[in-house]
Amino acid sequence: MTVDAGPQIDAAAIDLDRIDLSDRDFWLEPPAVRHAVFDALRRDRPFAFFAEPEVPMLEPGPGYWAVTRYADLEAISSQPAVFCSGKGAVSIQDIPTDLNEFYGSMISMDDPRHAKIRRLVSKTFTPRMLEQVVESVRGVVAGVLAAARRRAEAGDGTIDVVADIAAPIPLRVICDMMGVPEPDRAMVLAQSNIILSGGDPELIENQDDPLTAFLTAGTELAALMERLAGERLADPRDDLTTALVTTEVDGEKLSHQEIASFFILLLVAGNETTRNAISQGVLALSEHPDQRERWMADPSIDRTAVEEIVRWASPVTWMRRTATRDGEVNGHRFAAGDKFLLFYAAANRDPEVFAAPQRFDLTRDPNPHVGFGSKGPHFCLGAHLARREITVAFRTIFELLPDLEVAGAPHPLRSSFVNGLKRLPARLGGGG
Amino acid sequence: MTRIEVDRERCVGSGSCEMLAADLFEVGGDGIVAVLRPEAEEDDLDAAEEAVRACPTQALALVD
């Protein structure tokens, strides 16, 4: 599919018969194109059916319904008994058994098991508890930005917003919370990049066998967890890993497999999503300099600004649900086993809910976006942490890197699942 | 008098209510929210209603 990438594209000019959301190259199209397609789908085919993307060595499944209207997405998300997560929430294909060992975490579980496991860590991620880590987040961010400044000054004044700012901040914060030692952190970043690569050729060298790359990434992270779990059992500390290895659910300890999956979920989800919110936020601010000026001058809009960045970026593009029975939702009939992809990125620009949805407005209020998920038990566990990280990141950028200027085109990740940037060239100190 | 009630089966401790009304709600160590002032006073009602609407698992209710 090729569409010219103008800044504004009329959804009426989109030929939906030529659109395939399973075409990996669609996700490399500029945001204006993707959003024009979402507009057209929302308006004309709110439940569009697509064949599944091919994955080497996996049997193709039956296909999926792409849900793009806010109201439909909310209706599905809020009925977890009818639309379950247990068949897989983060992959279009049912999770192959051998990957399930590492990736079958609570995000792909249903209540009551999901709720019991989630409640083990809920308290750690509440606004009150996170108040206590704000100071350490500030320290992390200041350290990262100072290093970015040194890198620019030692070189030609350029940096990469992704590698030098957006990636290290959430990596350090989540690794601190989990108690991951410094020497292991580069490996955590590399493996979580592979897990959320969407098979992007830059990250998965062997395109004929992406499953082995995902398995190897899971094995490496699980081995780290094994080591840390042993250390924490012998010598408990005040960190999340200790909580995971010492607490019980229904009188049972979590199995090693459950702990490994949980650990991988927290590391991967805690890294990539916030990274993409920060890098996409820097990009959006550079494209909307008036908004950047406004926010820089007025910390009182921090709250609405951060929500707008999450709506705008929609770091997670979709999650999957699977029908547990035949039924009907908002006039759409479905059968047991039908798969639904909930396109948060599309719902977040639904004109039925958001006035001028294509306008980036840091004072938007109310802003009932679904960037952290919609109604239902799987609402983002890390939402409050992400909000704090994003707030501190931007306020500290305004303070320490007021001269940060995007200096080249973003390099998008070829993934339908996360709205990622691989690189975003920037410059410090003007000139150039 | 309006009472704020929590469905302990539904609540997963997302903390959405705590974010909106910290003096009414606090997620406990069991991962389920505790209502700090179950008998809501007149001044609490707006915040309580907002928390009820925002709860992702629809675990909160106001009962007259």
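Note on naming: letters A, B, ... go to the chains in the order of the sequence lines (proteins, then strands), and numbering restarts at 1 for each one. It should be emphasised that the depicted structure is a prediction, and the values quoted were computed from it without experimental measurement.
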Is [X] atom [atom1] crowded by more than 12 heavy atoms from other residues, nucleotides or ligands, each under 6.0 Å away?
| X | atom1 | result |
| --- | --- | --- |
| A:Glu328 | CD | yes |
| A:Arg128 | CZ | yes |
| B:Arg37 | CZ | yes |
| A:Glu248 | CD | yes |
| B:Asp23 | CG | yes |

* Spacing of B:Ser16 atom OG and A:His384 atom NE2 [to the nearest 0.5 Å] -> 5.0 Å
* Asked: Out of curiosity, A:His378 NE2 to B:Thr57 OG1, how far, rounded to the nearest 0.5 Å?
  -> 11.5 Å
* Asked: Using non-hydrogen atoms only, which part of B:Glu9 is less than 4.5 Å away from chain A: side chain, backbone, both, or neither?
  -> backbone
* Structure fact -> Okay, B:Ala59 and chain A: the region with an atom under 4.5 Å from a heavy atom over there is neither
* Could you tell me which non-hydrogen atom of A:Ser78 sits nearest to which non-hydrogen atom of B:Gln58, and how far apart they are? => CB-OE1, 4.1 Å
* Asked: How far apart are the closest heavy atoms of A:Ser374 and B:Pro56, and which atoms are they?
  -> O-CB, 4.5 Å
Quick check: do [X] and [Y] have side-chain heavy atoms less than 4.5 Å from each other?
| X | Y | answer |
| --- | --- | --- |
| A:Met129 | B:Glu18 | no |
| A:Lys375 | B:Cys55 | no |
| A:Arg119 | B:Asp30 | no |

* **Whether A:Ser122 side chain and B:Val12 backbone form a donor-acceptor pair below 3.5 Å** => yes
* To do: List the steps, then state whether side chain to side chain contact (heavy atoms under 4.5 Å, CB included) holds for A:Arg387 with B:Met19.
  => CA-CA 11 Å; A:Arg387 288 176 169 122; B:Met19 178 178 82; 3.4 Å; yes
